[in-house]
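Scroll down for the structure; my scribbles are underneath it.
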Amino acid sequence: MTELPKTYEPQAIEAATMRRWLETKAFAAAPDARRQRYVIMMPLPNVTGALHMGHAMDNVMQDLLTRWHRMQGDNTLWMAGTDHAGIATQAVVEKRLKELEGKTRHDLGRDGLIRRIWEWKDQYQQRIVRQQQAMGCSCDWDRARFTMDPVCARAVRHAFFRLFRDGLIFQGSRLVNWDCDLQTAVADDELYRATVQGHFYYLRYPVIDPQPGEPTHVTVATTRPETMLGDTAVAVHPDPRGVLSEAIAATKRALDEDPNCQGAGRADAEAELDRLLRREFEVLPTLEKLATMARAGRKVRLPLADRAIPLIVDEWAKPDMGSGCVKITPAHDPNDYAVWQRHRAEFGAIRILEANGTLNNEVPPPFRGLDRFAARTAVVDALRGQGLLERIEDREIEVDHSDRSKSIIEPLLSKQWFVHMADVDGGVVLGRGTRNEHRAPGLAQAAIDAASPTYRSPTDRRVSFHPDGDRYSKVYLSWLSEKRDWCISRQLWWGHRIPVWRGSVPRQNLLNLESLLQAQEERDDICAFVVLPDGTRLAPLDAIARLKADSGITEADVLVCLRDEASESTLGPALAAFGLQQDPDVLDTWFSSALWPHSTLGWPDPETARLDGGQSPLGASDGNDSALAYYYPGSCLVTGRDILTLWVARMVVMGLYNLGDVPFTDVFLHANIQDGKGERMSKSKGNGIDPVDIIDKYGADAMRYVLCEMQTGTQDIRLPVQAISPYTGNLVDLATAKHGRTIFTYLDPEAGKEFDVLGTMPDVPAAKLVSERFEVGRALCNKLWNAARFALMNLEGADAAASHEPLDLARLDLEDRWILSRLRAAVAAVQDGLAAYNPSVAVGAARDFFWNELCDWYLEMVKPRMRDPARAAVAKQVLAATLDQVLRLLHPFVPFITEALWQRLGELVPVRGIDRPFAEAELLVHAPWPKVRREWHAAEVEAQVSLAQQVVAALREVRARYATPPSQRVPVRLRAGETTRAALAPCLDLVAHMAGAASVEYVDADAARPKDAATTHVGDVEAWVVGVVDVDKERAKLGKELDKLRGQIKGLESKLGNDGFVAKAPAEVVARERTNLDRARAQLTAIETSLRAL
RNA sequence: GCGCCCCUAGCUCAGCGGUAGAGCGUCCGCCUUACACGCGGAGGGUCGGCGGUUCGAAUCCGUCGGGGCGCACCA
């Protein structure tokens, strides 16, 4: 038997405890006969870098639920893993490559770069797993997966293949956000917006053959003049007069309706009205003429490019803005693109940018090959030279930047792959080939339905959100309801390559393809489509028939999707022979993460899914189901609300599509962590805390405890951040500290020198970031450690074999019945808090019981009994049992310390219990969760002890007021009404012990107060502390109490004197207030009497 | 522009129709043999402003102010 160390040292305990859990595979999950299961799929951390506090929150919430359910006896699986995070990872590795070796990805080549990224991935994956294990994450580590491992990769190909075969994946030209540095399309959410100082250029385009009275040119305005080289039209509003009149009327109305509006708002409105009115005669006539000309099919000459482009009418042109006309560059502007969609017959789109941001051969020679920014200057100069630059305004512009490369995004028309999200004719088959096969109108609609209150999947499930269900189901639904197509291609090297071979094939070769394409009819792992020049998409044999019928078709695009990697070697050469090449793009990272809840379990064929060495089998074994059949659908998805749409919605879509069932039934959205200034935490902002630094300083349990305590809802949490000064070791609060030379350096006021929080400045020492908030957690753990040490010290003498005797609850001492009754309440409160996804309430209930009731009262109450051999045995048994339950109750929150203490408790007292023994377990990880024992409830005992506690508190207040040292035992006299007197009678010893009284005795109602006694009141109890009095202090104290009571009585009297209150308030409320009033009046009388006696 | 959320003690947050709570911090007293990462006690708030509903509002409704988030938009 090893002695518990005197001081609590989390580092030693935590490392040893995790080692034991891992060695015994305490978290391993395997299908068995249990029907109750609980499955959490970890939101995959990116392998771009180490985890931060946000991940810590996410992981701790998952571990909390996982441990809680495991203790409840569920077959519990927490699946861990990491995401290859396509663009983010490639960008990080490319950046390092450039910084450290001065090389670009083209120097290494596709394979070389990918090798480098794998090395990076291995390194960071290890670091992430170490961080998660340091936090105590109880994942089944042997099942951990990576989105690019063979099992996941196979799932990706199968999913893609199915979508492709069902016609739900298509290729199309779309305007995408183009990152010219990384040379890839990036998603909307990978952008950030920054304001830059720019200019607004007014350009003139000459009208071709202007008639007398017609304008000789149109003026258009732009912030990106170089795009004019790609202009294919100029638009004017069809009804400029109508729009202007309406705008004027609206402004007037606003001014009339709010005649009191003063100051800036009114001045603005007046200025706006003035501007509009001036426009009406300065600009409107020209616009009306131009609209007429546009309807007549007139054109303007595009300068520099020297092309004739049409004037068109479109409502996108705003008569109240700029020149009232707008240049249309469909290939490089989202709005212009939309205009083009409405006028495709009238003009085309010209793409003028190369992938690297230089101008291509569509532009005239002097601009060809220029970078977009150089081209801007060149275009402006050239236009100025021709007198076609009207003017330039300075202006702040908001520009999209790429989150990854920080470069300015260019909207670019390019060919991308999409998943069709909208409804389709005949609907979409979900879960094809499974027992859950059913039909939905479309992919997005399927996921919308899955979250509606009336929906039930074929297995009777639906998705709901917690803890603020309404709010977040709205966000989820509104995003999905747009049913926007999902762009799944990325022009990267790192990721799942798109398994499609494509090429433009001449007519003659197309006919020869027949034999190859025939294969599709015979095998199920190849799917081909032919896309005719007019866009018609046909199955190969139909296409060939069509070709034979229509000799006018000279060539067509052929797309072939191969389902299995293995087929590449057999079919690849044949495809190449026909000039087909594999698409160079890779899939959006979210495509593989959308499959995560089923790909990790071996979908589509868990029986044969290839395993990494040492991994748990995915197929059926020991007569049980396969991992997929047993663990899908999962239970709960735990994440921040930021990826609700990106990831959560897509997992629902893909789960429904591949398996016909939702991937999880509950979504727990937790709060995000912000710094002390309310800014989002992130490493790159210099305010990101590494959980490992917190663990080093305060311990993992401390961190977990505080994170749980902070988790009260979906509202973001502020966590003030301090740096540990590298000079003094002092904590410097970042919210208030002064900056040094950069925003990432701060001054240590004591040392007078600056330190760096990013760790990137070579000449400035770096500081670790922590937060004092976590001290609370360490204090809790320290308290738990010491309380357990105290208990174990007292239990050491206990005869282990006799540690559990069935006890008759009714015959227990008062304090024993009290602590058991309170324990029962605590178990219920923790349970309810967790069930409501409110960790703060749950951990608070556990803490309050442990600290405020067990430590502050019960442990003190039983100290005398521990020294009394006649009474010690029962006290020890109750103490051991209570400690047992507290450890179980706290375990999901603070797993390490509770497990360590559990081991010691088990050694000393192998069997614990009160009326019957509790179910045992070698590891606390597997110990059954405490049950709410209704028979322990003792309302009367609780009321008695509560009264005794109030009396003790009042006596302590007197002691404090008179600065009575603890060693000075004072005699106490009590006077009380009959009922109270009887209730308190069994507690007199406790009161004496807890209040440090020499004696506590009742006196008669008419007894006189000793001259030297201080008085205190609790309800109708009057207590005298003898031998301490100071008349002035007494008067002051009693006077104060009197004032407070009088205020209370006045309030209550006016309330009860209010007829409305008495008539309309619920009877019980009125009755309660009457009782309060009576009680207050009685106390008032008592105090007045005491005061008079002084 | 549309929608959602938040503003409660010095700080971080609970409470969400019956006249305010916790932790930390502050102040006072204690090394009372589990714990000074502790114990006992005290002080501290017209619940962002203004209106309304109600017998009664921190709590419901409106409005204004401050902060945040999402979605659009920005020639």
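In what follows, chains are A, B, ... by sequence order, proteins preceding strands, each numbered from 1.
No donor-acceptor pair closer than 3.5 Å links the side chain of W785(A) to the backbone N or O of L4(A). Of the possible polar contacts, one joining the D701(A) side chain to the F896(A) backbone as a donor-acceptor pair under 3.5 Å is found.
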From CA spacing to verdict: side chain to side chain donor-acceptor pair (under 3.5 Å), H343(A), D314(A): CA-CA 9 Å; H343(A) 299 267; D314(A) 191 280; 2.6 Å; yes

Pair Q711(A)-S840(A), side chain to side chain donor-acceptor pair (under 3.5 Å): steps then yes or no: CA-CA 5 Å; Q711(A) 189 53 57; S840(A) 177; over 6 Å; no

Intermediate values then yes/no, side chain to side chain donor-acceptor pair (under 3.5 Å), T7(A) and E9(A): CA-CA 6 Å; T7(A) 52; E9(A) 275 159 22; 3.3 Å; yes

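Rounding to whole angstrom units, CG of residue D733(A) and P of C24(B) are separated by 18 Å. Summarising the geometry, the separation between CD on Q711(A) and C1' on C13(B) is reported as 12 Å, rounded to the nearest angstrom.
Residue E709(A) is classed as having no contact, given no heavy-atom separation below 4.0 Å to the nucleic acid. Using a 4.0 Å heavy-atom cutoff across all strands shown, V220(A) reaches no nucleic acid atom at all. Using a 4.0 Å heavy-atom criterion, one finds that T223(A) contacts the sugar-phosphate atoms exclusively.
Pairing each heavy atom of L719(A) with each of M53(A), the nearest pair is CD2-CG, 4.2 Å.
Remark: the separation of the P atoms in A42(B) and C47(B) is 24 Å, to the nearest Å. With P as the reference atom, U33(B) and C11(B) are 38 Å apart, rounded to whole Å. The C1' atoms of C16(B) and A20(B) are separated by 13 Å, rounded to the nearest whole Å. Nucleotides G56(B) and G18(B) have their P atoms positioned 15 Å apart, rounded to a whole Å. Going from the P atom of C4(B) to that of U63(B) covers 12 Å, rounded to whole Å. Taking the C1' atoms as reference points, C73(B) lies 42 Å from G10(B), given to the whole Å. Distance noted for atom C1' between G1(B) and A58(B): 32 Å (whole Å). Distance noted for atom P between G21(B) and A9(B): 14 Å (whole Å).
The pairing partner recorded for G48(B) is C64(B), the criterion being a Watson-Crick or G-U wobble arrangement whose two distances lie under 3.5 angstrom. Pairing partner, C69(B): G3(B), with both Watson-Crick or wobble hydrogen-bond distances short of 3.5 Å. In this structure, A22(B) forms a base pair with U12(B), meeting either the Watson-Crick or the G-U wobble geometry with both donor-acceptor distances under 3.5 Å. With a cut-off of 3.5 Å on both Watson-Crick or G-U wobble distances, the partner of G56(B) is given as none. The nucleotide A34(B) finds no pairing partner, because no Watson-Crick or G-U wobble arrangement with both distances shorter than 3.5 Å includes it.
E1053(A) and K1055(A) are not joined by a salt bridge, as no carboxylate oxygen comes within less than 4.0 angstrom of a charged side-chain nitrogen. For the pair D336(A) and K327(A), the salt-bridge criterion is not met [side-chain N within less than 4.0 Å of a carboxylate O]. Under a 4.0 Å N-O distance rule, the pair R961(A)/E957(A) qualifies as a salt bridge.
By the 6.0 Å and 45° rule, R778(A) does not stack over the aromatic ring of Y698(A).
Nearest-nucleotide mapping onto RNA chain B: of N838(A) and G324(A), the residue sitting toward the 5' end is N838(A). Between N852(A) and D333(A), the residue anchored closer to the 5' end of RNA chain B is N852(A), taking for each the nucleotide with the nearest heavy atom.
Taking 4.0 angstrom as the limit, T712(A) places a side-chain polar atom (N or O) nearer than this to OP1 or OP2 of A14(B).
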Heavy-atom protein contacts under 4.0 Å, nucleotides 1-12 of chain B, coded B base, S sugar-phosphate only, - none: ---SSS-----S

Sugar-phosphate or base contact per nucleotide [nucleotides 29-41 of chain B; S, B, -; heavy atom under 4.0 Å]: -S-B-BB-BSSSS

Heavy-atom protein contacts under 4.0 Å, nucleotides 54-59 of chain B, coded B base, S sugar-phosphate only, - none: -B----

Restricting to nitrogen or oxygen on both sides, can you table the protein-nucleotides 69-73 of chain B pairs closer than 3.5 Å?
{"from": "A72(B)", "atom 1": "OP1", "to": "R484(A)", "atom 2": "NH1", "distance (Å)": "3.3"}
{"from": "A72(B)", "atom 1": "OP1", "to": "R484(A)", "atom 2": "NH2", "distance (Å)": "2.9"}
{"from": "C73(B)", "atom 1": "N4", "to": "R193(A)", "atom 2": "NH1", "distance (Å)": "2.4"}

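Under the rule for a ring pair (Phe, Tyr, Trp, His ring centres under 6.0 Å), H993(A) has no partner lying at least two apart in sequence or in another chain.
For E860(A), the CD atom counts as densely surrounded, since its 6.0 Å shell holds more than 12 non-hydrogen atoms of other residues, nucleotides or ligands. When the shell of 6.0 Å around CZ of R956(A) is examined, it contains more than 12 heavy atoms from other residues, nucleotides or ligands.
Counting only residues at least two apart or on different chains, the side chain to side chain donor-acceptor pair (under 3.5 Å) pairs with a member in residues 842-852 of chain A are R847(A)-N852(A).
Ring geometry, Y837(A) versus H466(A): the interplanar angle falls under 30°, so the pair is classed parallel (tilted spans 30 to 60°).
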